[in-house]
Amino acid sequence: MYNIRYVEEHIEKLKEISEKKGLSLDFQEFARLNEERKTLKGEVDELRRQKNEKGQKVGELKREGKDASHLIPELERLKEEITTKEKTLKQIQKKVTDFISWIPNRIHHSIKDEPVIIKESTKIKDFPFKPLTHIELGKSLGILDFECASHIAGSNFALYKGKGATLERALINFMLDLHMKRHGYTEIFPPFLVNEEAMFSTGQLPKMKDDMYITERDGLFLNPTAEVPLTNILANKILSMNSLPIKYCAYTACFRREAGSYGKETKGLLRIHQFNKVELVNFVHPEESYKTLEILLTEAESVLKLLSLPYRVVQLPLNDLSFASAKTYDIEVYAAGVDRWLEVSSVSNFEDFQAKRAQIRIKSEGETKHIHTLNASGVATPRLLIALIENLQTEKGEVEIPEPLIPYTGFEKID
RNA sequence: GGAGGGAUGGCUGAGUGGCUAAAAGCGCACGAUUCGAAAUCGUGUUUCCGGUAUUGCUGGAACGGGGGUUCGAAUCCCUCUCCCUCCGCCA
C-alpha cells in the first residue's frame with residue numbers, strides 16, 4: 001500500500017508497474033480526484049479552524065459569566081457546512097484509497113520478460129516401462145478417490161484413503177520437522193479462517209476476491225495460503241531491531257475457488273480447491289531481504305532434495321509476477337506419469353509491500369520504518385504427492401517410499 | 001447465548017466536558033561527564049492530511065471501529081469488534 005503523496009509524485013512509474021503486472025488503472029482519474037481532495041481538505045480545515053476559534057470564545061464568555069448566545073447561530077451554520085463538505089471529502093478520500101489499494105508492488109530490477117531457469121537438479125530417470133499417472137495409480141492402489149470427493153463436496157476436490165491418507169500426513173509432518181529442526185523455524189498452528197483485514201494486508205484483496213471462499217454468516221475468508229495468518233501475526237506491531245529475523249512456519253489446509261480454470265490442467269490432484277501446504281514466512285530487516293530470498297529458496301528446495309525428486313527453479317518473468325511480489329522463484333517438480341513440470345513452491349520477496357499494508361515496523365536509530373516480508377511454500381503437497389508416486393512407481397504398479405519418509409509413514413511401499 | 005469490567009503513545013499507566021497530543025515512569029535517540037563504560041545530569045522522542053517552505057513554520061484530524069448528545073468529547077450516550085471475570089450451552 002503506497003502512501004498517497006508517494007503515488008502523487010510517482011504516477012508515471014506506478015502506471016508502468018501496473019501495466020506490466022497486467023492492471024490498467026486510471027491514474028488520470030486518480031490525479032483529478034486527488035486535486036479535488038486537496039482543495040476540499042483545505043476548505044474543511046479552514047471552516048474547522050473558524051469553528052474551533054468561535055467555540056473557544058463561547059467557553060471563555062461562559063466562564064466569565066457572560067452571555068454567549070449571539071455566537072451560536074454562526075457556529076450552527078459552520079457546523080452544517082462542515083458536515084456537508086466533510087461527507088463529500090470522505091467519499092473522495094475513500095475513492096482515492098481504494099484506487100491506491102489496487103496498485104501492485106514494484107518489480108525488482110532483475111526480472112526479465114521471459115522465465116529464466118536458474119537451476120535444474122538431477123536428470124529425470126528413464127523408465128523401462130510407460131509410467132502411469134497418479135490418477136491411474138491412485139485408483140489401482142486404492143489411495144485416491146476423486147469420484148467420491150466430488151460426491152461429498154464437488155468437482156476438483158480430493159479424497160485420500162488408506163496409505164494415501166497416511167502418506168499425505170507423513171509428508172506434512174516430515175516437512176514441518178525439517179523446517180523447525182533444521183532451518184530454525186517457529187512452528188505455528190494458525191486459524192484457517194481469516195478476516196477481511198488480514199486478507200487485505202497480505203495483498204490477496206482486493207484483486208483476488210473471486211478466488212476466495214467466504215463464509216456467509218460471518219464474512220470470514222477460508223485462507224488460500226498460510227501466508228495470510230502467518231504474516232498477520234505481527235500486524236500493527238512495532239518490533240525491536242534485535243528481534244529480527246523472525247521465521248514462522250505452519251501447516252494449513254488452503255482453499256481456492258480457482259475461478260476460470262478447467263480442462264485437463266485440473267485433472268486429478270493437479271489443481272484442487274482444498275489442498276495442504278507447509279508455508280514459510282520470514283520477517284527481516286530491509287537490507288537483508290534479497291539475501292534471505294536465496295536462503296528461503298534453498299530451504300524450500302531441500303524438501304525435494306531429501307526426497308530425491310527431480311526439480312528445477314524458475315525465476316518468474318514480468319507477466320507471471322503476483323500483485324504483491326517484487327521477485328519470485330518457482331520450484332517445479334517433474335512428474336513422470338503426467339510428464340510435466342509442476343509448480344510446488346513459490347518463493348517471494350514482498351519487500352515492504354505487505355508490511356505497509358499490515359503496519360509491521362521496527363524502531364531503528366530512533367526512526368520507525370517498515371520491515372520486509374518474504375514467504376515460500378515449503379511445499380504444497382498435492383503436486384509433491386503426484387511427483388512422489390509417479391516417479392517412484394515400480395513396473396508392478398507399486399510405489400516405493402523414499403528413505404527419509406519411512407519413519408513418518410510407517411511403511412516402505414504402497415501396494 | 002446472558003450479566004458485568006476493560007481497550008489511552010514503543011511499553012506500563014494517569015486523565016469524568018474546554019487550560020490534554022495527552023501527566024509520570026520505563027524504553028529509545030542525541031549531548032554532557034568518563035581513558036572507555038555503567039551510573040548520573042540535560043535535551044529530544046506518535047501518526048496522518050492540507051498550506052507554505054524545504055530539513056522549519058502553520059492549519060486540521062486521530063485516545064479500539066462507527067454513530068449520537070453538546071458551542072465544545074479521551075471524558076457523557078448508543079452500537080460493533082476484541083480482551084478479562086461470572087453464568088449457560090457444547091466438541
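In the text below, chain A, chain B and the rest are named by the order of the sequence lines, each starting its count at 1. Hydrogens, waters and symmetry mates are skipped; everything else that's a heavy atom, side chains included, is used.
- Taking atom P in both B:G88 and B:G66, the straight-line distance is 37 Å, to the nearest Å.
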Enumerate all atom pairs, one protein N or O and one N or O from nucleotides 76-79 of chain B, separated by less than 3.5 Å.
none

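- Following rounding to the nearest Å, A:Ile362 (CD1) and B:C28 (C1') show an atom-to-atom distance of 13 Å.
- Checked against A:Gln204 for a side chain to side chain contact (heavy atoms under 4.5 Å, CB included), the options A:Glu227, A:Lys209, A:Glu196 give a single hit: A:Glu227.
- Contact check, A:Thr368 against B:U47: a side-chain N or O comes under 4.0 Å of OP1 or OP2.
- Note: CG (A:Leu89) to P (B:G59) measures 20 Å, nearest angstrom.
- In terms of phosphate contacts, A:Asn52 brings a side-chain nitrogen or oxygen within less than 4.0 Å of OP1 or OP2 of B:G60.
- Atom CD of A:Glu197 is surrounded by 12 or fewer heavy atoms from other residues, nucleotides or ligands within 6.0 Å.
- If you take CD of A:Gln50 and C1' of B:G60, they are 13 Å apart, rounded to a whole angstrom.
- As rounded to whole Å, 9 Å separates atom P of B:G1 from atom CZ of A:Arg217.
- Around atom NZ of A:Lys119, more than 12 heavy atoms belonging to other residues, nucleotides or ligands sit under 6.0 Å away.
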Based on Watson-Crick and G-U pairs with both distances under 3.5 Å, what dot-bracket line describes RNA chain B 5' to 3', crossing pairs as [ ] and inter-strand pairs as |? ((((((((.[[[..)..(.....]]]((((((.......))))))(((((((...))))))).[[[[[..)....]]]]])))))))....
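- Under 4.0 angstrom from either OP1 or OP2 of B:G72 there lies at least one side-chain N or O belonging to A:Lys79.
- Taking only side-chain nitrogens and oxygens, A:Arg48 never comes nearer than 4.0 Å to OP1 or OP2 of B:G59.
- Taking atom CD1 on A:Ile238 and atom P on B:U45, their separation rounds to 16 Å, with Å as the unit.
- Checking the phosphate oxygens (OP1, OP2) of B:G64, no side-chain nitrogen or oxygen of A:Asn236 falls inside 4.0 Å.
- Ring-plane geometry between A:Phe27 and A:Phe30 is classed as perpendicular, the angle between the planes exceeding 60 degrees on a 0 to 90 degree scale with a lower cut at 30.
- Rounded to an integer number of Å, the gap from A:Lys363 NZ to B:G9 P is 12 Å.
- Going from atom CD of A:Glu53 over to atom P of B:U58 covers 16 Å, rounded to whole Å.
- Look at CD on A:Glu46: it is 8 Å from C1' on B:G59, rounded to the nearest Å.
- A distance of about 41 Å separates the C1' atoms of B:A74 and B:U33, rounded to the whole Å.
- More than 12 heavy atoms of other shown residues, nucleotides or ligands fall within 6.0 angstrom of atom CD in A:Gln91.
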